[in-house]
Amino acid sequence: MKSNEMNVQLHALSELSDATAVNRRALRRLNPMSQVNVDMKVKVLPDLASGRISIVVTCSYTAEVYLIRTHLAVCSVVATFDVEDLESYIEYPEGGEMRIATPLMSMMLGIAVGALRGMMAVRLAGTPLSKHPMPIINMAALIERLSYTS
């Protein structure tokens, strides 16, 4: 693994429109005092042959609507990066799972989560969820609990 310099370029960044939805009916029925839960999922898709790595980040909002746990909104983005000498940033711990080195993963996640935050703000503008922005995310804690597999 390299320690000081990384040659990384953002190749593509886009919203996954098929994985994005706002449940407007549930939002109309949402009690303003309801607790809204925000969940995030991350999927890492490395392509060692081409030196590219894609990160899919999904954020979903849920709440109880008339005693039923209901999905209010979901949005996914995919960020694809070109990484020079990608293989040098891949680690294989004792369990055998492929892991991306923390400095590289932290930088890529920061970009992907920032894009997701902006896309969620646009999608949720004018809805009751506009008062519930994505929470601040501790990238170090997120990386620590993620398992990056091929």
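Numbering starts at 1 and runs along the sequence shown.
- To the nearest 0.5 Å, the span separating CG on Leu45 from OG1 on Thr80 amounts to 8.5 Å.
- In this structure, OH in Tyr89 is found 13.5 Å from CG in Leu48, a value given to the nearest 0.5 Å.
- Residues Met40 and Val57 are in side-chain contact: their nearest non-hydrogen atoms beyond the backbone lie under 4.5 Å apart.
- The two residues Thr20 and Leu16 make their nearest non-hydrogen contact at OG1-O, 3.0 Å.
- Listed by first and then second residue, the side-chain hydrogen bond (donor to acceptor under 3.5 Å, both in side chains) pairs that reach into residues 63-75 are Thr62-Arg69, sequence neighbours excluded.
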Listed pairs under 3.5 Å, donor-acceptor, residues 105-123 side chains, sequence neighbours left out:
from: Arg117; atom 1: NH1; to: Met134; atom 2: O; distance (Å): 2.7
from: Arg117; atom 1: NH2; to: Pro135; atom 2: O; distance (Å): 3.2
from: Arg123; atom 1: NE; to: Glu15; atom 2: OE2; distance (Å): 3.0
from: Arg123; atom 1: NH2; to: Glu15; atom 2: OE1; distance (Å): 2.5
from: Arg123; atom 1: NH2; to: Glu15; atom 2: OE2; distance (Å): 3.4

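- Side-chain contact check for Ile90 versus Ile100: some heavy-atom pair is nearer than 4.5 Å.
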*Using the side-chain contact (heavy atoms from CB on, under 4.5 Å) rule, take Tyr61 and Leu124 through it: C-alpha gap first, then chi angles, then the decisive distance, then the call.*
CA-CA 11 Å; Tyr61 287 71; Leu124 301 178; 3.8 Å; yes

*Show your reasoning for whether side-chain contact (heavy atoms from CB on, under 4.5 Å) applies to Val78 and Ile55.*
CA-CA 6 Å; Val78 61; Ile55 299 178; over 6 Å; no

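- Listed by chain and number, the residues in a side chain to side chain donor-acceptor pair (under 3.5 Å) with Thr127 amount to none (sequence neighbours excluded).
- Using a 4.5 Å cut-off on side-chain heavy atoms (C-beta onward), Val65 and Leu72 make contact.
- Judged as a salt bridge (Lys or Arg N to Asp or Glu O under 4.0 Å), not a single pair has a partner in residues 19-28 (not counting sequence neighbours).
- Remark: Asp47 pairs with no residue by the salt bridge (Lys or Arg N to Asp or Glu O under 4.0 Å) rule, at least two apart or across chains.
- For Asp18, there are no side chain to side chain donor-acceptor pair (under 3.5 Å) partners, not counting sequence neighbours.
- Residues passing the side chain to side chain donor-acceptor pair (under 3.5 Å) test with Asn37, sequence neighbours excluded: Gln35.
- Of the inter-residue distances, the one linking Ser34 atom OG with Arg29 atom CZ reads 11.5 Å to the nearest 0.5 angstrom.
- Pro128 approaches Leu30 most closely through the heavy-atom pair CB-CD2, 4.4 Å.
- Residues satisfying the side-chain contact (heavy atoms from CB on, under 4.5 Å) criterion with Ala21, sequence neighbours excluded, are Val74.
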